[in-house]
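Because the structure is predicted, anything quoted here is derived from the model rather than measured.
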Amino acid sequence: MKFNVHGRTLHVSLWLALSTILMFPGTHESGPERAEYGFPLRFFTDYMMNSSHESTIWYIQGMNFQVGNYFLNVVLIYSVIRIAIFIKNKWFTKRADHEPSGDI
C-alpha cells in the first residue's frame, strides 16, 4: 500500500497545528497552576511558577511541549484537509459531468 504525502498540505497542517497555541484559548487546570494550549489535543503546557530568583527566569522556563500530541494534531489536521479536498474534487467533478454541454 502506497501512501502519498502532499507536501503543501503537510506544510499547512504543520503551521496550523502550531498556530492553535495562539488562536484557541488555553484551559486552566487545577493542581499546579498551568495553562494548556492546542487543538484538538493539548500539546503545549505553560506552568505558572513563582520563583524567588526573578533575575534568572528564562522565557521558556516552566513550559512543556509534548511532541507526540503535536504530531497527532498534525495528522488529524492533515487528514481533515485531504478529506475536504477529496470531497470538493468529487463534488465538482460530478457537477461538471451532469451539466449540459450546449452543443447542438
Side-chain angles (χ1 to χ4, degrees):
M1 185 171 133
K2 184 179 177 184
F3 182 70
N4 189 11
V5 176
H6 299 284
R8 184 175 175 134
T9 307
L10 181 63
H11 188 257
V12 167
S13 61
L14 284 166
W15 281 106
L16 274 175
L18 193 59
S19 66
T20 59
I21 294 172
L22 302 173
M23 290 189 296
F24 293 100
T27 60
H28 294 280
E29 300 292 327
S30 61
E33 281 199 42
R34 65 182 186 255
E36 295 181 340
Y37 301 94
F39 183 79
L41 300 174
R42 307 287 183 203
F43 62 89
F44 183 77
T45 306
D46 183 16
Y47 293 96
M48 282 60 156
M49 298 175 9
N50 294 328
S51 176
S52 61
H53 303 90
E54 294 294 330
S55 62
T56 61
I57 293 179
W58 289 18
Y59 177 69
I60 59 172
Q61 181 180 355
M63 293 186 184
N64 182 16
F65 190 83
Q66 299 171 354
V67 179
N69 285 352
Y70 172 70
F71 283 119
L72 193 55
N73 279 350
V74 170
V75 168
L76 290 172
I77 293 171
Y78 178 85
S79 300
V80 167
I81 292 172
R82 292 306 305 162
I83 289 170
I85 290 171
F86 177 77
I87 290 172
K88 182 191 76 111
N89 289 341
K90 286 289 187 182
W91 189 68
F92 282 118
T93 302
K94 285 183 181 180
R95 289 193 70 195
D97 290 343
H98 294 299
E99 289 181 6
S101 63
D103 293 335
I104 298 179

Let me check something: do [X] and [Y] share a hydrophobic cluster, defined by ILVMFWY side-chain heavy atoms less than 4.5 Å apart, either directly or through other members?
X: Val75; Y: Ile77; answer: no
X: Leu72; Y: Val74; answer: no
X: Phe71; Y: Val5; answer: yes
X: Trp15; Y: Phe65; answer: yes
X: Phe24; Y: Phe43; answer: no

Using residues 80-88 as the side-chain source, report each donor-acceptor pair under 3.5 Å to any protein atom, sequence neighbours left out, with the distance given to one decimal.
{"from": "Arg82", "atom 1": "NH2", "to": "His6", "atom 2": "NE2", "distance (Å)": "2.9"}

### Stepwise side chain to side chain contact (heavy atoms under 4.5 Å, CB included) check, Tyr47 with Glu33
CA-CA 6 Å; Tyr47 293 96; Glu33 281 199 42; over 6 Å; no
### Leu18 and its side chain to side chain contact (heavy atoms under 4.5 Å, CB included) partner, picked from Leu22, Leu16, Ile21
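In the set Leu22, Leu16, Ile21, the residue that makes a side chain to side chain contact (heavy atoms under 4.5 Å, CB included) with Leu18 is Ile21.
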### Message
Before you tell me yes or no, could you show the steps for Leu10 and Tyr78 under side chain to side chain contact (heavy atoms under 4.5 Å, CB included), namely the whole-Å CA-CA distance, both residues' side-chain angles and the distance that decides it to 0.1 Å?
### Response
CA-CA 6 Å; Leu10 181 63; Tyr78 178 85; 4.2 Å; yes
Which side-chain N or O atoms in residues 35-42 pair as donor and acceptor under 3.5 Å with protein atoms at least two apart or in another chain?
{"from": "Glu36", "atom 1": "OE2", "to": "Arg34", "atom 2": "NE", "distance (Å)": "3.2"}
{"from": "Arg42", "atom 1": "NH1", "to": "Gly38", "atom 2": "O", "distance (Å)": "2.7"}

### Query
Mind checking what makes side chain to side chain donor-acceptor pair (under 3.5 Å) contact with Gln66, not counting sequence neighbours?
Asn69
### Rounded distance [0.5 Å steps], CH2 in Trp91 versus CG in Asn89
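The distance works out to 12.0 Å.
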